[in-house]
Each structure stands twice: as structure tokens, then as C-alpha cells.
Amino acid sequence: MTNLEHKSGHNKPAQEKEFVKEITPKSVDYSQWYVDVVLKAKMMDYAPIKGFMAIRPSGFALWEKIQELLDRRFKETGHENAYFPMFIPHELLEKEAEHVEGFSPEVAWVTKGGDEILSEPLVVRPTSEAIICDFYSRWVQSWRDLPVLINQWCNVVRWEKSTRPFLRTSEFLWQEGHTCHRTEEEAEEEALKMLEVYREFIETEMAIPAVVGRKTEREKFAGALRTYTVEALMSDGRALQAGTSHNLGQHFARVFDITFLDQDDQLKHVWQTSWGVSTRLIGALIMVHGDDRGLIIPPRLATFQAVIVPILTKKDRERVLEAVHELNNQLKPHIRVKLDDREEYSPGWKYNDWEMRGVPLRIEVGPKDLDKGQVVLVRRDNGEKFVVPQKELFARLPGLLEQIQNDMLQKALEFREVNTRSGSDYEEFKHIMEEKRGFFLASWCGDPACEEKVKDDTKATIRCIVFDKKPENEECLVCDKKAKEVVYFARAY
RNA sequence: CGGGGCGUGGCGCAGUUUGGUAGCGCGCUUGACUGGGGGUCAAGAGGUCGAAGGUUCAAAUCCUUUCGCUCCGACCA
């Protein structure tokens with residue numbers, strides 16, 4: 001009941017007491033820390049329905065930023081946005097056998113419209129392959145109609161048994177790209193291209209280093225030929241699937257009859273891909289960068305990159321206010337800045353509040369600073385505090401924000417490297433999965449039985465099969481057969 | 001779906017063992033003094049104790065049923 005002691009404010013070191021007391025320290029209870037952060041930073045609130053949530057403005061702003069930055073990349077790679085219905089006739093979902101088997105346990109049903117019982121029950125989309133393929137079967141006739149490169153931003157519903165804010169909710173927001181191609185090679189290229197878009201986005205904008213690879217049969221998308229994945233390591237040593245890209249092959253094209261007449265006068269099925277990332281990315285952001293004081297948002301993704309906190313004393317109130325308003329106006333064209341000139345909160349209160357919300361940089365301006373022609377800067381990521389002459393501020397800010405972004409990535413990268421281990425000793429592996437977690441790079445024979453055994457023994461799963469890397473004459477980590485693949489193991493969310 | 005924890009002012013909790021006038025902290029309101037790391041003082045507002053049924057002179061407290069949340073597992077973005 002350490003947790004309760006903490007919450008009621010007892011038995012805490014004096015040092016900690018100075019800071020945000022509503023947040024349970026990571027070291028005490030990681031899950032509780034996560035929940036405290038999302039609630040206290042006003043990212044979300046629980047809905048009156050299990051597994052559902054409201055995404056509050058400060059959480060949604062992150063999603064908007066993610067949308068903006070990703071959507072730009074989708075457009076650059078030739079994709080267009082569209083929108084498809086939220087409801088899918090059940091018979092459509094049923095067409096692809098593997099697909100329906102994978103999703104039927106978690107679909108939500110609509111059986112009534114008003115007072116009338118529907119003759120054809122509908123399901124709320126858990127993903128849109130089925131309904132989109134139904135459209136594509138009509139839209140695609142000729143090789144001239146290919147490729148189809150469409151994306152949609154929407155919500156989906158999966159009736160989950162256990163849910164956690166952002167990481168797994170029954171309804172979540174995402175984007176799903178759905179493409180059709182003339183050849184297998186082209187589809188494969190598309191699937192890998194979008195995987196790389198995700199990886200690059202997550203690393204560049206979110207400052208989260210990610211490993212990419214292919215999913216095993218056990219872990220792949222229901223109905224896909226191959227599934228590729230972007231995996232990130234959270235600060236508790238568990239892996240999180242941050243994005244997926246599927247080569248669907250012709251599985252859906254066959255059952256939905258998506259055909260085109262090729263130049264050689266042959267009627268052929270298209271080759272398809274689908275790929276997506278969700279609001280789960282927000283969960284990843286929190287768990288990769290956050291600390292005991294709350295969120296830390298990388299500057300490129302931050303709604304506010306810097307917050308100006310004036311120190312308003314009775315005597316100097318007017319001139320400080322005037323100065324910060326001017327500073328705010330000067331900075332506005334160049335960085336996303338917020339002036340917190342509320343007078344009903346003390347500066348110290350604001351420091352804690354903005355730190356909890358993860359604003360990358362704080363700019364303090366008080367009477368002493370005005371006298372000396374300077375401002376005080378405090379970095380959220382490492383707490384570093386330094387004085388900058390006001391004249392230099394303008395020139396230094398962009399570089400400083402970039403520095404913070406880089407340092408955050410570097411820190412996450414180092415964490416991942418320290419927590420990526422490898423070896424061939426199964427006992428050691430079990431021990432590491434139990435004690436330290438993190439990624440474990442090892443060789444695997446390809447037998448699902450070994451994969452299953454690992455899961456039973458350690459709760460870890462194969463997160464992905466590493467691209468272009470084959471074991472050299474090694475045995476499988478689990479059995480004594482010859483290894484075929486190099487894989488990352490980890491306990492996952 | 002299994003196992004644990006929890007439902008009491010907006011939030012966090014005490015009170016339940018042993019039935020007897022609903023309490024504390026934070027937040028909120030008003031005012032004054034304050035203001036460089038969650039300020040101080042004063043005066044206030046706010047609760048059918050998750051719901052239903054039962055036992056009793058009397059139920060937050062005992063009994064039965066039920067609903068919800070949450071954590072951990074099994075299943076999944």
C-alpha cells in the first residue's frame with residue numbers, strides 16, 4: 001500500500017514533496033504513474049462506458065499535430081484522403097475467413113434502427129478492409145485505375161476486454177491506408193514504403209527510436225499475407241507496436257472480386273496493402289519521454305514549444321506585463337509560444353502545471369531580469385536552467401528547441417540500446433525477460449511451437465523478425481534446430 | 001472471461017471490525033495580504049454514502065442481489 005501512502009502525502013522524501021504530488025512516481029507503480037499523468041495533464045477523461053474516453057484538448061492537440069505531420073507525408077507519397085462508412089454489413093466482414101476469425105470476438109453490433117430490428121445486422125468497423133474492398137471492387141476495372149492510393153482518418157471500435165487510456169480503448173482514432181496495385185512487387189514496395197514513413201515520422205517528430213521488421217504468422221494481421229511493424233521500447237522495458245503495414249496479397253481481392261483487365265488482356269486480381277497508426281502513439285509518447293513530474297513533449301510535436309511565465313510583484317506588475325506581452329508578440333511568428341499571464345496563480349504553481357503538461361521550454365521574466373536585460377530559460381527534458389541576455393534569445397531559441405528534440409531522441413536511443421540485449425542462452429533470456437525486460441535479439445528456428453513456448457515461459461513474444469539478417473549457423477534460442485531468423489523478443493503492451 | 005482492489009461533497013480518502021447527529025485534505029466561492037518552485041489568513045458553498053431489496057426503534061456501517069470503475073492475467077492497434 002505504498003501507493004496509498006504516497007497519495008495521502010505521507011512517508012515521502014522532502015525532495016519529492018516539493019514537486020507535483022498528484023503523480024505517483026514511476027518507481028512506485030508504473031501503471032498508476034501512467035494513469036496519473038494522462039489524467040493530471042488533462043489528456044483524457046474516462047467515459048461513462050467502459051473502455052471509452054474523451055480526449056481532452058491537450059491530448060487532442062497532440063493527435064492533431066500527429067495528423068498534420070503524417071498527413072503531409074502521405075500526400076508526399078501520393079496518397080489521397082477519403083471517408084468510408086462506419087457500419088459494415090455483417091456479410092461483408094465475413095467474406096475473408098481469416099479476417100472474420102481475427103476480428104469477430106471484438107466487433108460491436110448494431111441490430112436495431114429506431115424501433116425496428118434490422119434484417120441485416122451491421123457491425124461497427126473494427127478496421128475497414130471489408131467495406132473499402134466492397135467499394136474497390138466497383139472502382140477498379142482497368143490497369144488504368146491503378147494504383148489506388150487512399151487513406152482515411154477515422155474512428156474504429158474493437159470491444160476490448162481490458163483497456164487502458166490511449167494504449168487500448170474500445171474506440172480509438174487512427175488512419176488506415178488502403179491501396180491496390182497491379183503487381184505483387186508494387187504492393188510489397190508500398191507496404192515497405194509506408195512502414196518507413198512511420199519509422200521516420202516516429203523518430204523525427206516524436207523523438208522515439210523504433211525498430212522495424214516483419215511479424216510472425218502468429219502475430220500478423222488477420223487476413224494479411226505479411227505484416228510489417230514499427231516497435232518502440234517503453235521506459236518500463238515493455239515493447240509497444242507503434243504502427244503496422246500489411247501486404248494483403250490477393251486474399252481480399254479474391255473474396256471481394258477486385259479485378260482489373262491488364263494490358264495483356266488478362267483479368268487479374270489486384271494486390272493490396274493496408275497500413276495504420278492510432279492514438280496509441282500518444283501513449284507511446286507519454287511512456288517513452290514522461291517522468292515523475294509528468295509529460296515531456298518533444299518540441300516538434302508540442303502545441304506550445306515554450307511558455308512565458310511572468311513574475312508579477314505588486315511593485316513591478318505593470319512593466320513586467322508589458323515586457324512579456326512584447327516578448328510574446330516578438331516570438332509568436334517564430335515559435336509556438338504561450339504567455340501565461342494569469343494573475344490568480346503563483347509562478348511556482350505555473351511551473352509545476354506546465355511541467356506536468358510537458359511544455360519543452362519555460363521562459364521566466366521577472367523584475368530582476370528586466371533590470372539586467374535577460375530572461376531565465378528552463379528546459380523541461382533535463383531541468384537545466386540558464387540565463388540568456390534578451391538580445392540573444394531570439395537567435396538562440398530555434399537552435400535550443402532543436403537541441404531539446406535531439407537530446408530527447410538521443411536519450412531514448414540510449415535507453416533502447418542499454419535495454420537491447422542478445423544471446424543464445426535460454427536460461428539467461430528467461431532471466432532477463434523476468435528481471436530487466438527490454439528487447440532481446442536472438443535466433444529463431446521459425447517453428448511456432450518455440451514462439452509459443454517462449455510466451456508460456458516468459459510472457460514475451462516475438463515483436464518482429466529483423467529484415468535482411470540471417471543467423472550464421474546458429475541454433476534456435478529455444479530448441480536445438482538450426483535457426484532461420486533473427487528476431488526481437490520482448491514483453492509487449 | 002478468470003483473480004485482486006475500490007465505489008462516501010468536484011478530486012483523493014477516513015469512518016464499516018463493535019449500527020446511534022456524515023468527517024478530513026485538496027479543489028471551489030468571496031475578500032485582504034502576497035507573488036523568482038504548487039503562498040498566508042479570514043469567511044463561505046457543496047454529500048439521496050454506486051443502485052435495489054431486506055434486518056432493525058435506528059443502516060455509510062449488518063445480510064442478499066445488482067451495476068460500475070480499476071489493476072493483474074488469458075485475447076488484441
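Within every chain, numbering begins at 1; the chains are lettered A, B, ... in the order of the sequence lines, protein sequences first and strands thereafter.
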Please report, rounded to the nearest Å, how far the [atom2] atom of [N] is from the [atom1] atom of [X].
X	N	atom1	atom2	answer
A:E219	B:C76	CD	P	8 Å
A:K314	B:G36	NZ	P	15 Å
A:R168	B:C75	CZ	C1'	9 Å
A:E452	B:C75	CD	C1'	12 Å
A:R164	B:A77	CZ	P	17 Å
A:Y345	B:G35	OH	C1'	15 Å
A:K161	B:A77	NZ	P	13 Å
A:Y351	B:G35	OH	P	13 Å

Determine whether the side chains of [X] and [Y] contain a donor N or O and an acceptor N or O closer than 3.5 Å.
X	Y	result
A:H246	A:T227	yes
A:D353	A:Y345	no
A:T461	A:R463	yes
A:E196	A:Y228	no
A:Y488	A:T420	no

Quiz item: Looking only at N and O atoms, is any donor in the side chain of A:R362 or the base of B:G37 less than 3.5 Å from an acceptor on the other one?
Solution: yes
Quiz prompt | Check: A:E343 side chain, B:G35 base, donor-acceptor under 3.5 Å | solution =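 In this structure, the two groups form no donor-acceptor pair.
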Taking a pair as Watson-Crick or G-U wobble with both distances under 3.5 Å, which nucleotide is matched to [N]?
N	result
B:G47	none
B:C41	B:G31
B:G10	B:C26
B:C1	B:G73
B:A58	none
B:U21	none

[N] and [M]: how far apart are their [atom1] atoms, nearest whole angstrom?
N	M	atom1	answer
B:U64	B:U30	C1'	48 Å
B:C11	B:G19	P	31 Å
B:G20	B:A60	C1'	13 Å
B:A22	B:U29	P	28 Å
B:U8	B:C49	C1'	4 Å
B:A58	B:G2	P	38 Å

If you check every side-chain atom of [X], which of [options] has the closest atom?
X	options	answer
A:I311	B:G38, B:C76, B:G36	B:G36
A:P347	B:G36, B:C76, B:A74	B:G36
A:K385	B:A77, B:G37, B:G35	B:G37
A:Y46	B:U70, B:G35, B:A74	B:U70
A:R293	B:G37, B:A77, B:G73	B:G37
A:N352	B:G37, B:C76, B:G35	B:G37
A:E355	B:C76, B:G37, B:G36	B:G37

Can you tell me if [X] touches the phosphate of [N], counting only side-chain N or O atoms and a distance under 4.0 Å to OP1 or OP2?
X	N	value
A:S346	B:G39	yes
A:K455	B:C75	yes
A:S31	B:U70	no

Self-check item: Sole candidate of A:F172, A:Y46, A:W159 that passes ring-ring contact (aromatic ring centres under 6.0 Å, His included) when paired with A:F52
Solution: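 Going through A:F172, A:Y46, A:W159 one by one, the ring-ring contact (aromatic ring centres under 6.0 Å, His included) with A:F52 is satisfied by A:W159 alone.
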Quiz prompt | Residue whose nearest RNA chain B nucleotide is more 5′ - A:V35 or A:P367 | solution = A:P367
Quiz item: Start at the 5' end of RNA chain B and walk down; is the nucleotide closest to A:P165 or to A:E160 reached first?
Solution: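 Upstream on the strand: A:P165.
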Quiz item: Ring centres of A:F74 and A:W275 under 6.0 Å apart?
Solution: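 Yes, ring centres under 6.0 Å apart.
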